[in-house]
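Only one structure is covered here, and it is reproduced in the block below.
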Amino acid sequence: MKRAGFTTAWLPILLLVPQLIIIAVFFYWPAAHAIQSSFYLQDPFGFGSTFVGWENYTHLFSNSEYLRIAGFTVIFTILVTFLSLGLALLLAVKADKVIRGAHSYRTLLMWVYAVAPPVAGFIGLIMFDQSWGPLTEFAQMLGWDFTLGVTYFDTATAMVVVSVWKQVPVNFIFFLSGLQSIPKSVREAALIDNRSASGRFWDVTFPLLAPTAFFLLIINITYSLFDTFGVVDTLVKGEPGNNPMTLVYKVYVDGFRGNDLGGSSAQSVILMVLVLALTVFQFRMVERRIHYT
Amino acid sequence: MAQVTLSGIRKVYPNGFQALTTTSFDIPDGEFTVLVGPSGCGKSTLLRMVAGLEDITEGELRIGDRVVNDVDPADRDIAMVFQNYALYPHMTVRKNIAYGLKNRGTSAEDIAKKVAQASDMLGLDDYLDRKPSQLSGGQRQRVAMGRAIVRDPALFLFDEPLSNLDAKLRNQMRIEIKALQRRLGVTSIYVTHDQVEAMTMADRIIVMNGGKVEQIGTPAEVYHAPASTFVASFMGAPPMNLVPAHAVAGMVRFAKTSLAVETHTDGPVTMGIRPEDLIPDTSGPLPFDVQIIEELGAHRLLHGVVGDEKLTVHVGKDTDVGTGPVPLSVKPGAISLFHHETGTRL
Ligand SMILES: Nc1ncnc2c1ncn2[C@@H]1O[C@H](COP(=O)(O)OP(=O)(O)OP(=O)(O)O)[C@@H](O)[C@H]1O
Ligand SMILES: [Mg+2]
């Protein structure tokens, strides 16, 4: 392939400057600030701060509530990731059989993706409304007295359901285009080689989807960890009380409600390290395996 | 090994397009049949119906003594080689070749033996542990062949398997495939749009055009006695000369000359003569005017006119001719006559 080149060195730099400024102002600077504050204890009224070293961190790891929320976040992430991936894959496989390249369906499904998380959460609120929410009624039909925002388990369920609902379309689109990019003749060769449809799926289709699936796994973990903030916020209605929350929400609650800036900064730093680890893992995997042709 | 029988097979695609008109023919056991025709004439459609990859709209298809209309591709005892090879990109060459066997419950021992045999036959021994992406086009082609032959099927199906290879490799693979088929004696259907491939490989050629079969015959029959002007112009490079003429009682009049023909017919006809059946001859009856000489090494092509009609003449490299008038004679019995409107052979 021919490479396009710049004749002067300053032009590409100039073109990058706006992006670099945005990254610096909205990412590096706050990140550095968070790392710094995580080593200080802030006066709740904003009158100075004291250097406390690792105390904010050690405090977190001996805090049973933080550990409980961390535990919930792990379960929540696993559930949301696997449910939304699994459901999306199932739907994509079914849809792929029917629509070969029908773009209108895809566009329709993409709409859900365009729904902002708080809006998704709000729709969830309506669906799970105590007196007339259709999902609440459905739960009651099954003999489950569903009380959103009151019962820990029920709120958790709603959080998972809404988060999954929000994420399925994205995964679906990726899986569907992944499926459709598998050459027709390869599938046909498999059709001749293997009479079992599920055998063909696991031997041929799924391995060829693996790069897509792996990419989505990372995206979904990140989504469950961070982007569900809006959903959580709307569903717990800003009243954490007895409700479950995720680590990201806890950062917000401690920092902005509890005014514990040091502790909340320490929590953000932990999350940053987590994202970093995830990213490194992803790059390693992408370099190592999971790509063909 | 098996005979293939098509009885009244027709194909209409879901969008209403009829890709194959009602067609019937047999392919005898062990024969290498080539389906040839221009792009879009329905060759792949026919082959894919035999493979079970496309529904049969109408008619009955038998492989051996079994009606297979509703049999899954995996159960038809066929193996197919695709134009783009269709190898499983995530499997090694060994696994690619073994996959079909594995799913048929062949024991690991047998699989290993058969894979070794096939890879030996195809010269793939050094590549068994590579992925398809690490192979050249020709090697991938061999893997695709290997995947077909290990299965020892009743029927081989090839859909333009050589069209992605360069000319030299194509010639080589052509001979190899033919030799392999001879050795294994497996009934084969081979689709191509290349008439040279068809002529050189086939025991029998089926010429198709616009969703219907124009002619079925040995390469010699198809070449020397084309069933229609379409076949006459499709098979052979350069194609048969086709000119309007007038037939009267055992003679055909063309450019103020009368030529003897075996076909007795009267009225306007299309006369066909192969370029090599026209011979420069000082006492020849046809006043040919050579305009362009194409030098092809072993032979030459003379392009020119007789009256208003364009003709091409094929001569050996030793024939001494230049541009300008060159009288021609016609080899006895070399004239084909076709209906002047429908183009069918008379
Ligand atoms: N799924 C389909 N739906 C509708 N029409 C189709 C479909 N597949 C093929 N056709 C049409 O049927 C005709 C025959 O197609 P086919 O693929 O059999 O041609 P072919 O002879 O193999 O041509 P080529 O040499 O280009 O491969 C074409 O006109 C094509 O447009
Ligand atoms: Mg074709």
[Y] backbone acceptor or donor facing [X] side chain under 3.5 Å:
{"X": "A:Thr228", "Y": "A:Val231", "answer": "no"}
{"X": "B:Arg76", "Y": "B:Val68", "answer": "yes"}
{"X": "B:Arg204", "Y": "B:Thr33", "answer": "no"}
{"X": "B:Gln181", "Y": "B:Gly30", "answer": "yes"}

Ion pair present between B:Arg174 and B:Asp194, side-chain N to carboxylate O less than 4.0 angstrom? no

Hey, is B:Arg62 close enough to B:Asp26 for a salt bridge, meaning N to O under 4.0 Å? no

Non-hydrogen atoms of chain A under 4.5 Å away: do they reach the side chain of B:Arg151, the backbone, both or neither? side chain

Of the backbone (N, CA, C, O) and the side chain (C-beta and beyond), which part of B:Leu101 lies under 4.5 Å from a heavy atom of chain A, both, or neither? neither

Tell me the residues of residues 38-57 of chain B whose non-hydrogen atoms fall below 4.5 Å from those of chain A, in number order. B:Arg48, B:Leu53

Between A:Asn194, A:Val186, A:Asp203, A:Val204, which residue shows the highest count of heavy-atom pairs closer than 4.5 Å to chain B? A:Asn194

Checked A:Ser185, A:Pro183, A:Ala190 vs chain B; the most non-hydrogen pairs under 4.5 Å come from A:Ser185

Below 6.0 angstrom between ring centroids: does that apply to A:Phe76 and A:Phe72? yes

How are the rings of B:Tyr99 and B:Tyr88 set to each other: parallel, tilted or perpendicular (split at 30° and 60°)? perpendicular

